[in-house]
A.B. asks: 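Just passing along the structure, written as structure tokens.
Nothing fancy with the numbering, it's 1 onward along the sequence.
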Amino acid sequence: MHTEKNEKLADSRDMIGAHDAMRREFGALPELIAGVPAGDAHGTAVVAGHVLMMVDFLHAHHTSEDDHVWPRLRERCPDDVGPLIETLDQQHAFIDSELEALAAGGRRWQASADVSDRDAVAAVAERLLPAVYEHLALEEERILPLIDRHLTEHEWKTTVEASLGKVSFARRLLMLGMALYGASEEQAQFLRAAVPAVVWHAGRPLGTRLYRTHRERLASASRFASSIAC
């Protein structure tokens, strides 16, 4: 571990809240998409927009790990992470290719509101799920303990800030509201410790309201929105 003396180590438990939100939101996509009536331009715009936003969120999450976490772990604990990070890199590459397909299909559906485009997007969203679930579970089991032993608190916060910085401020608030939804107070405090103070103080009340409104719009756009209904 190469850190300055007395430098506080990372606490990556906030990642569990982010992962829980990803599992919930991506898990709901196939049914949510399939529930938009054919030819419903408004419902399509709402749900396709949500699909594209989730693609951006997961992509920001992954690229921040690639840039800020993997290099430090390779340097500081190479014997622990060599083959593991190779596996994670392969998972990232596969998931990213599926996210590209999901985004391309989402944009086509957004433009057409056609049932065939809708069903194609739902199929990609369904196909993506096993890889996402496997990847998040592997990170939680194997990577988070290494982060807590080998990265400093400052380095971990830099990673979180880099992920948040890839989206607009309004989207950051929505991301925080998404992660807080259904979270225990303990998990909320882990999130608070990880994000910049300005994001937290604005984000907990505003993000919660933004996400509630967002869920309501999704529920009104899809007939099969039971998994996201408020």
Side-chain angles (χ1 to χ4, degrees), residues 12-36 43 46-62 64-65 91-92 94-96 98-99 102-103 105-106 118 121-141 143-144 160 163-164 166-167 170-192 194-195 199-200 203-230:
S12 63
R13 286 177 291 181
D14 60 283
M15 182 76 88
I16 303 297
H19 282 184
D20 285 346
M22 293 290 181
R23 277 186 280 258
R24 183 186 66 243
E25 300 296 328
F26 277 95
L29 284 184
E31 183 178 85
L32 184 68
I33 294 163
V36 178
V46 170
V47 176
H50 176 70
V51 170
L52 295 173
M53 180 181 73
M54 292 309 305
V55 168
D56 288 345
F57 284 1
L58 187 51
H59 183 69
H61 179 71
H62 280 174
S64 296
E65 291 173 338
Q91 291 177 339
H92 275 193
F94 175 78
I95 291 170
D96 285 348
E98 293 291 84
L99 290 176
L102 186 61
R118 180 200 69 190
V121 177
V124 177
E126 186 71 48
R127 190 175 71 210
L128 177 63
L129 290 180
V132 169
Y133 292 158
E134 180 184 15
H135 178 70
L136 297 180
L138 182 60
E139 284 191 344
E140 289 167 5
E141 179 184 357
I143 289 294
L144 298 194
V160 174
S163 181
L164 292 172
K166 295 175 188 291
V167 300
R171 286 278 177 91
R172 292 180 217 179
L173 296 180
L174 183 58
M175 287 172 68
L176 184 56
M178 188 180 291
L180 286 167
Y181 181 81
S184 67
E185 186 57 31
E186 180 183 37
Q187 187 60 51
Q189 293 308 311
F190 295 147
L191 290 166
R192 179 180 186 174
V195 302
V199 174
W200 176 259
R204 185 161 196 181
L206 293 179
T208 297
R209 288 198 294 272
L210 282 171
Y211 183 60
R212 182 172 60 244
T213 300
H214 183 71
R215 286 170 63 86
E216 289 169 353
R217 292 179 70 234
L218 292 174
S220 69
S222 174
R223 296 172 296 181
F224 305 140
S226 58
S227 58
I228 55 87
C230 301

A.B. asks: Quick one: are Val124 and Arg127 in side-chain contact, heavy atoms under 4.5 Å?
C.D. replies: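 Yes, side chains in contact.
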
A.B. asks: Sub-3.5 Å donor-acceptor pair from the side chain of Arg172 to the main-chain atoms of Gly203, do we have one?
C.D. replies: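 No; judged by distance alone, with no hydrogens or angles, the pair does not exist.
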
A.B. asks: I'd like to know whether Phe57 forms a side chain to side chain contact (heavy atoms under 4.5 Å, CB included) with Glu25, so could you lay out the CA-CA distance, the side-chain angles of the two residues, the decisive distance to 0.1 Å, and finally the verdict.
C.D. replies: CA-CA 11 Å; Phe57 284 1; Glu25 300 296 328; over 6 Å; no

A.B. asks: Quick check for you: to the nearest 0.5 Å, what is the distance between Leu218 atom CG and Tyr211 atom OH?
C.D. replies: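 The OH atom of Tyr211 is 8.0 Å from CG of Leu218, to the nearest 0.5 Å.
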
A.B. asks: Hey, mind stepping through Tyr181 and Arg215 against side chain to side chain donor-acceptor pair (under 3.5 Å) and telling me if it holds?
C.D. replies: CA-CA 11 Å; Tyr181 181 81; Arg215 286 170 63 86; 2.9 Å; yes

A.B. asks: Report the residues that fulfil side-chain hydrogen bond (donor to acceptor under 3.5 Å, both in side chains) with Asp56, sequence neighbours left out, ordered by chain and then residue number.
C.D. replies: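 Residues passing side-chain hydrogen bond (donor to acceptor under 3.5 Å, both in side chains) with Asp56: none at all.
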
A.B. asks: Roughly how far, to the nearest 0.5 Å, is the CZ atom of Arg171 from the CG atom of Leu164?
C.D. replies: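 Rounded to the nearest 0.5 Å, the CG-CZ separation comes to 13.5 Å.
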
A.B. asks: Between Arg192 and Gln189, is there a side-chain heavy-atom distance shorter than 4.5 Å?
C.D. replies: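 Yes, side chains in contact.
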
A.B. asks: Decide side chain to side chain contact (heavy atoms under 4.5 Å, CB included) for Thr208 and Arg212; before the verdict, give the C-alpha distance in whole Å, the side-chain angles of both, and the deciding distance to 0.1 Å.
C.D. replies: CA-CA 6 Å; Thr208 297; Arg212 182 172 60 244; 4.2 Å; yes

A.B. asks: Got a second to check how far Leu58's CG is from His19's NE2, nearest 0.5 Å?
C.D. replies: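 Here the rounded value is 8.5 Å.
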
A.B. asks: Quick check for you: to the nearest 0.5 Å, what is the distance between Leu144 atom CG and Arg13 atom CZ?
C.D. replies: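 These two atoms lie 11.0 Å from each other.
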
A.B. asks: Do Phe190 and Ile16 have side chains that get closer than 4.5 Å, going by heavy atoms?
C.D. replies: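 No, every pair of side-chain atoms sits at 4.5 Å or beyond.
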
A.B. asks: I need the minimum non-hydrogen distance between Met53 and Leu174, along with the two atoms involved.
C.D. replies: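 Here Met53 and Leu174 meet closest at SD-CD2, 3.4 Å.
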
A.B. asks: Work out which heavy atom in Ala34 is nearest to a heavy atom in Arg223; give both atom names and the distance.
C.D. replies: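 Scanning both residues, the minimum pair turns out to be O-NH2, 4.1 Å.
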
A.B. asks: I need the minimum non-hydrogen distance between Val55 and Leu102, along with the two atoms involved.
C.D. replies: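 Heavy atoms of Val55 and Leu102 come nearest at CG2-CD2, 3.8 Å.
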
A.B. asks: Evaluate Glu185 against Arg204 for salt bridge (Lys or Arg N to Asp or Glu O under 4.0 Å), listing each step before the verdict.
C.D. replies: CA-CA 12 Å; Glu185 186 57 31; Arg204 185 161 196 181; 2.9 Å; yes

A.B. asks: For the residue pair Ala103 and Leu52, what are the closest heavy atoms and their distance?
C.D. replies: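 Looking at all heavy atoms of both residues, the shortest contact is O-CD2, 3.5 Å.
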
A.B. asks: Is a side-chain donor or acceptor of Ser220 paired with a backbone partner of Arg217 at a separation under 3.5 angstrom?
C.D. replies: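 Answer holds: yes.
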
A.B. asks: Between Asp96 and Leu99, is there a side-chain heavy-atom distance shorter than 4.5 Å?
C.D. replies: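 Leu99 vs Asp96: side chains touch.
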
A.B. asks: Roughly how far, to the nearest 0.5 Å, is the CD1 atom of Ile143 from the NE2 atom of His135?
C.D. replies: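 Separation between the atoms: 9.0 Å.
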
A.B. asks: Determine whether more than 12 heavy atoms belonging to other residues, nucleotides or ligands lie under 6.0 Å from atom NE2 of His59.
C.D. replies: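 At most 12 heavy atoms, drawn from other residues, nucleotides or ligands, come within 6.0 Å of this atom.
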
A.B. asks: Work out which heavy atom in Glu31 is nearest to a heavy atom in Ser222; give both atom names and the distance.
C.D. replies: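 Closest approach of Glu31 to Ser222: O-OG, 3.9 Å.
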
A.B. asks: Between Gly17 and Gln187, what is the shortest heavy-atom contact and its length?
C.D. replies: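 Here Gly17 and Gln187 meet closest at N-NE2, 3.4 Å.
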
A.B. asks: Quick one: NE2 on His214 to NE2 on His50, what's the gap to the nearest 0.5 Å?
C.D. replies: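 With rounding to 0.5 Å, NE2 (His214) is 4.5 Å from NE2 (His50).
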
A.B. asks: Evaluate the criterion side chain to side chain contact (heavy atoms under 4.5 Å, CB included) for residue pair Met15 and Glu65; output intermediate values, then yes/no.
C.D. replies: CA-CA 11 Å; Met15 182 76 88; Glu65 291 173 338; 3.8 Å; yes

A.B. asks: Look at atom CZ of Arg23 and say whether more than 12 heavy atoms of other residues, nucleotides or ligands are closer to it than 6.0 Å.
C.D. replies: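 Check passes, neighbour count above 12.
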
A.B. asks: Could you tell me if the side chain of Gln91 sits less than 4.5 Å from the side chain of His62, heavy atoms only?
C.D. replies: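 With C-beta onward as the side chain, the pair stays apart.
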
